[in-house]
Amino acid sequence: MPKKKAADGRNLDACTDGACEVEIEAGDAISFGSQVTTEPRVDSLFVVSVDAEGPTLALSSGMTTTAYGVIEINHGLRIETVHTDGTRATIKISRIG
């Protein structure tokens, strides 16, 4: 995937409303506010790791998933991996609905 600068850079707080494009790395945590409505509720994502395919994320519920391409979480969030270099990834988060 070609390198693209994330619109919100490393400002993970830009994701609180469920709409952002950020660069992430292992150990990062993204928290969501009340604008994000998922069922069941997702309060946050924790970046477990980033590899050449995409980031592996742990939901606040404890479930883990890897964002290869575009994924949807609990009918309320869409996460698209825009770029990854194996250490950092640029993801775009948007609300569904």
Side-chain angles (χ1 to χ4, degrees):
M1 289 182 221
K3 175 72 171 155
K4 178 183 179 276
K5 182 171 170 49
D8 297 303
R10 293 267 307 139
N11 180 14
L12 303 182
D13 290 338
C15 299
T16 302
D17 65 356
C20 64
E21 184 178 85
V22 292
E23 185 177 279
I24 58 171
E25 61 188 6
D28 284 346
I30 298 171
S31 297
F32 300 112
S34 60
Q35 304 95 322
V36 175
T37 55
T38 58
E39 189 56 45
R41 172 86 177 131
V42 175
D43 294 316
S44 61
L45 296 174
F46 180 76
V47 183
V48 176
S49 63
V50 176
D51 65 25
E53 300 298 318
T56 297
L57 308 168
L59 308 180
S60 50
S61 66
M63 183 186 95
T64 60
T65 185
T66 302
Y68 298 136
V70 178
I71 63 168
E72 292 185 3
I73 297 174
N74 296 358
H75 311 289
L77 283 174
R78 178 176 289 119
I79 300 176
E80 175 186 357
T81 299
V82 177
H83 176 271
T84 181
D85 66 10
T87 304
R88 290 185 173 212
T90 298
I91 60 170
K92 183 175 184 176
I93 299 175
S94 55
R95 294 186 309 271
I96 300 170

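Excluded from the calculations below are hydrogen atoms, water molecules and symmetry mates; all remaining heavy atoms, backbone and side chain alike, are included. If you read the sequence from its start, that first residue is 1, and numbering goes on from there.
With sequence neighbours excluded, no residue forms a side chain to side chain donor-acceptor pair (under 3.5 Å) with T38. With sequence neighbours excluded, the residues forming a salt bridge (charged side-chain N to carboxylate O under 4.0 Å, His left out) with R10 are E25, D28, listed by chain and number. In this view, D8 satisfies the salt bridge (charged side-chain N to carboxylate O under 4.0 Å, His left out) rule with no residue, not counting sequence neighbours. Every residue was checked against the salt bridge (charged side-chain N to carboxylate O under 4.0 Å, His left out) condition with D51, not counting sequence neighbours, and none meets it. Contacts of T65 classified as side chain to side chain donor-acceptor pair (under 3.5 Å), with partners at least two apart in sequence or in another chain: none.
At least one side-chain heavy atom of I30 sits less than 4.5 Å from a side-chain heavy atom of I24. Counting heavy atoms from C-beta outward, V42 and V36 have side chains that stay 4.5 Å or more apart. Counting heavy atoms from C-beta on, the side chains of K5 and T90 never come closer than 4.5 Å. Under the 4.5 Å side-chain criterion, counting only non-hydrogen atoms from C-beta, T66 is not in contact with E53. When side chains are defined from C-beta on, T81 counts as touching P55, because their heavy atoms get closer than 4.5 Å.
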Could you go through residues 67-80 and list every donor-acceptor pair under 3.5 Å that involves a side-chain atom there, pairing it with any protein atom two or more places apart or in another chain?
{"unit_1": "E72", "atom_1": "OE2", "unit_2": "R78", "atom_2": "NH2", "d": "2.9"}
{"unit_1": "N74", "atom_1": "ND2", "unit_2": "P40", "atom_2": "O", "d": "2.9"}

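S31 OG to D13 CG: the interatomic distance, rounded to the nearest 0.5 Å, is 8.0 Å. Taken from OG1 in T37 to CZ in R95, the straight-line distance is 8.0 Å, to the nearest 0.5 Å. To the nearest 0.5 Å, atoms CG (N11) and CD (E23) are separated by 12.5 Å. From I91, atom CD1 reaches atom SG of C15 across 6.0 Å, with rounding to the nearest 0.5 Å.
Follow the hydrophobic side-chain contacts under 4.5 Å out from F32 and you reach M63 in the same cluster. Placement of V22 and V50 within a single hydrophobic cluster is found when ILVMFWY residues are connected by side-chain heavy-atom separations under 4.5 Å, directly or transitively. One hydrophobic cluster, built from ILVMFWY side chains closer than 4.5 Å, holds both L12 and I93.
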Between L57 and T64, is a side chain to side chain contact (heavy atoms under 4.5 Å, CB included) present by the stated rule, with each step listed?
CA-CA 5 Å; L57 308 168; T64 60; over 6 Å; no

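Taking every heavy atom of both residues into account, S60 and R41 meet most closely at OG-O, 4.1 Å.
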